Every structure is written in C-alpha cells, then in structure tokens.
There are 2 protein chains.
Amino acid sequence: MNVRPEPNTSSTPPPRAPDEGRAQSQRARNLSHVHPADVTLSDALTALADPVRRTIVKELAGGPDWTRACGTFDLPVTKATRSHHFAVLRQAGVIEQRDVGSRRLNRLRRPEFDAAFPGLLDLVLHERRASPGES
Amino acid sequence: MNVRPEPNTSSTPPPRAPDEGRAQSQRARNLSHVHPADVTLSDALTALADPVRRTIVKELAGGPDWTRACGTFDLPVTKATRSHHFAVLRQAGVIEQRDVGSRRLNRLRRPEFDAAFPGLLDLVLHERRASPGES
DNA sequence: TAAGGTATTCGACGGAGGTCGATCACCATG
DNA sequence: CATGGTGATCGACCTCCGTCGAATACCTTA
C-alpha cells in the first residue's frame with residue numbers, strides 16, 4: 001500500500017477549507033492515498049467486487065467531482081461500515097478524498113484508474129443494478 | 001447460477017471421448033456450465049479476484065483450446081482446492097470443460113466472456129505476475 | 001464554551017470462502 | 001477383474017472481511 005505525494009490530478013479545481021494556508025490538520029494527515037498505478041490487479045478487482053462499493057462508484061460517477069460527501073450516499077449500511085468501504089476504495093486507487101470543513105468530499109479517479117486498468121471502471125458504470133438481485 | 005443448453009461455442013472442434021454416440025455418463029451429467037451472459041458482475045469480479053484462478057486463466061490462454069487437463073496446471077494448492085477453483089471459474093462463465101477419457105479438458109471462453117465483460121479478460125492476461133509478490 | 005454534525009477508530013461478532021486430508025467415482029490400462 | 005490415474009465430493013479448519021455499536025476526533029455554529 002504505497003502512498004504518493006499525490007499531485008493535483010483533479011479535473012475540476014477542488015474546493016478548499018476556510019483556513020487555506022495553514023498547516024495540515026491531523027485529520028488531513030491521516031488521509032493517505034494510493035495512486036492507481038501502484039495498485040495490484042488483485043486489490044482493484046477485490047475492491048470492485050463488493051456491491052456496496054460499486055454503488056458508491058456509480059453514484060460518484062453520476063455527478064461532478066468534489067460534490068458528494070461520504071454521508072450523502074444511499075447505502076444499506078451503518079456509518080462504520082460506510083467509512084470502511086470508502087477507505088478500501090481509497091487504498092485501491094478508485095477514489096480521492098479531501099476534507100472541506102467537517103465533511104469529506106469525494107472524487108472518482110476516472111482518468112488515472114482507466115490508465116491503470118482500462119475498461120474496468122466502464123464495466124462497473126455500465127452495470128444494470130447492484131447484485132442483491134431484486135428487480 | 002443458471003445452466004444453459006450450451007451450444008457448441010468452441011473455436012476449435014473439441015475432441016470427443018471414444019464412446020461418442022452413447023448416452024451421457026454420470027460424470028458428464030454433473031458438469032454444469034453457466035454462460036457468461038448469465039453471470040453477474042459480482043460473480044465475474046469475485047472469480048477473477050483470486051490469484052490462483054487468474055493463474056489458471058493465464059495458463060489456459062497460453063495454449064490452444066482443449067489441450068490442458070486440470071492436473072497439468074502449475075498451482076501451489078492440492079487437488080481438492082484445484083478442483084474447487086475450476087468449478088468457480090466454470091460457474092462464472094470463464095471456462096468451459098469437457099470430459100475426454102478419464103481427463104477433463106479446459107477451454108477459455110474468450111469470445112463469449114469478452115462480449116459479456118469487455119476488457120476484463122484482457123486485464124487479467126496482461127497482468128505482469130500473480131499477486132503473492134515475489135519475482 | 002457548549003452543542004450538534006460528520007466521519008474515523010476500536011473491539012467484537014458472524015458468515016463466506018480458501019485450504020486441506022480422506023474418500024469416492026469414473027476411466028483406462030494390464 | 002485389479003490396478004493406477006484423474007478428478008469431484010465431503011467434512012473440518014481457519015483466515016479474511018463485511019458488519020455493527022460504542023467511543024473518539026474534528027469542524028461548525030450558536
């Protein structure tokens with residue numbers, strides 16, 4: 001699980017917290033990212049094999065970058081599980097996160113992830129419905 | 001886990017057991033296949049998330065169809081586990097199997113699986129090495 | 001400072017799945 | 001028929017991981 005300097009790969013200029021120029025907060029310091037290029041195929045497939053995580057990815061692709069906080073997703077799990085899934089997606093290079101105020105905004109790493117695993121995200125985004133299986 | 005009539009989708013004419021025209025043996029009757037079109041994305045991703053199964057897929061792609069029996073693969077697991085993995089790949093629509101004599105020959109369902117999950121097999125076949133991580 | 005909202009962390013639980021040895025079924029030879 | 005080879009099945013074990021409640025940390029607003 002490598003961690004990169006993480007240059008600004010965003011397609012849209014990300015919003016900033018009010019206290020812009022100050023030192024990183026402890027919360028932001030704990031936010032470690034992994035670049036898709038450093039992710040194994042095992043980790044990528046495992047991350048996207050979970051239906052809850054695929055729901056997150058699909059909802060995230062439905063809107064602009066940096067507009068969805070973790071709590072705004074419609075998921076059939078509690079806060080703790082939700083937080084776990086976001087961490088897995090982040091460590092698998094699928095999403096990028098940034099703290100703004102008390103919320104944590106998300107972005108789907110479309111171009112970088114596509115470069116590392118061509119077609120994989122498309123497969124997820126073209127999926128009819130999640131797995132649980134009712135119409 | 002649907003089971004289809006399974007028409008002959010092979011690219012190469014598959015070999016036949018010596019007793020060609022006879023009734024299906026019990027062994028062949030237990031061999032149930034699932035067409036990739038009937039496989040969920042969850043099952044496809046889960047099947048290919050395992051390093052042992054990806055090794056099978058890659059070895060299978062390295063030679064012609066219907067030339068590799070289950071026992072001819074170089075896998076770090078016992079017979080029982082090996083048999084389990086082949087069953088998972090079969091139920092996920094990744095491979096097709098056919099009994100010839102006392103052996104069970106395999107075929108990678110390249111065109112059908114590609115049609116159902118474009119790019120997914122390519123991702124696996126282009127993977128540098130399996131996950132365990134030593135060169 | 002207090003209160004409320006957002007999100008992570010911790011510890012525990014339970015189920016799913018990868019693994020194995022042993023056994024069994026089937027096929028092909030002597 | 002007996003033997004050996006191939007592969008599936010069974011039962012058990014164990015680890016991983018998805019899940020949760022509770023506690024904690026951080027931010028914002030009053």
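None of these values were measured; they are calculated from a predicted model. Just so it is clear: chains get the letters A, B, ... in the order the sequence lines come, proteins before strands, and each one is counted from 1.
A/R104 has a side-chain polar atom (N or O) that falls below the 4.0 Å cut-off from OP1 or OP2 of C/dT8. The phosphate of C/dT19 (OP1 or OP2) has a side-chain N or O of B/H85 nearer than 4.0 angstrom. Phosphate contact (OP1/OP2 of D/dC20, side-chain N/O of A/R82, threshold under 4.0 Å): absent. A/S83 has a side-chain polar atom (N or O) that falls below the 4.0 Å cut-off from OP1 or OP2 of C/dT8. Remark: B/H84 is not in phosphate contact with D/dG7, judged by side-chain N or O atoms under 4.0 Å from OP1 or OP2. Between B/R53 and C/dG18 there is a side-chain N or O to OP1 or OP2 distance below 4.0 Å.
Scanning for side-chain hydrogen bond (donor to acceptor under 3.5 Å, both in side chains) contacts around B/R68 gives B/E59, B/T72, with sequence neighbours left out. Residues satisfying the side-chain hydrogen bond (donor to acceptor under 3.5 Å, both in side chains) test with B/D122, not counting sequence neighbours, are B/R110. Looking at residues two or more places apart in sequence or on another chain, you find a side-chain contact (heavy atoms from CB on, under 4.5 Å) between B/A61 and B/L108, B/L125.
Contact detail for B/R90 and B/S32: the closest heavy-atom pair is NE-O, 3.1 Å.
With C/dT8, C/dG18, D/dA8 as the choices, the nucleotide that has an atom nearest any side-chain atom of A/R90 turns out to be C/dT8. Distances were taken from every side-chain heavy atom of A/C70 (C-beta onward) to each of C/dT6, D/dT6, C/dA7; the shortest belongs to C/dA7.
B/A87 comes within 4.0 angstrom of no nucleic acid atom, judged by non-hydrogen atoms across all strands.
Atom-to-atom, CD of B/Q97 to C1' of D/dA8 comes out at 11 Å; the value is rounded to the nearest Å. Here D/dC27 presents its P atom at 15 Å from CZ of A/R98, a figure rounded to the nearest Å. In this entry the distance linking CG of A/D99 with C1' of C/dG5 reads 14 Å, nearest Å. With rounding to whole Å, B/D50 atom CG is found 14 Å from D/dT15 atom C1'. A straight line from CZ of B/F86 to C1' of D/dT9 spans 17 Å, rounded to a whole angstrom.
Within the structure, the ring pair (Phe, Tyr, Trp, His ring centres under 6.0 Å) test picks out the following pairs touching residues 95-120 of chain B (sequence neighbours left out): B/F113-B/F117. Residue pairs meeting the ring pair (Phe, Tyr, Trp, His ring centres under 6.0 Å) criterion with at least one partner in residues 75-107 of chain A, sequence neighbours excluded, are A/F73-A/F86.
Near DNA chain C, meaning a heavy atom under 4.0 Å away, the residues from residues 71-81 of chain B are B/V77, B/T78, B/A80, B/T81.
A/L31 is listed as a side-chain neighbour of A/Q97, based on a closest heavy-atom distance under 4.5 Å.
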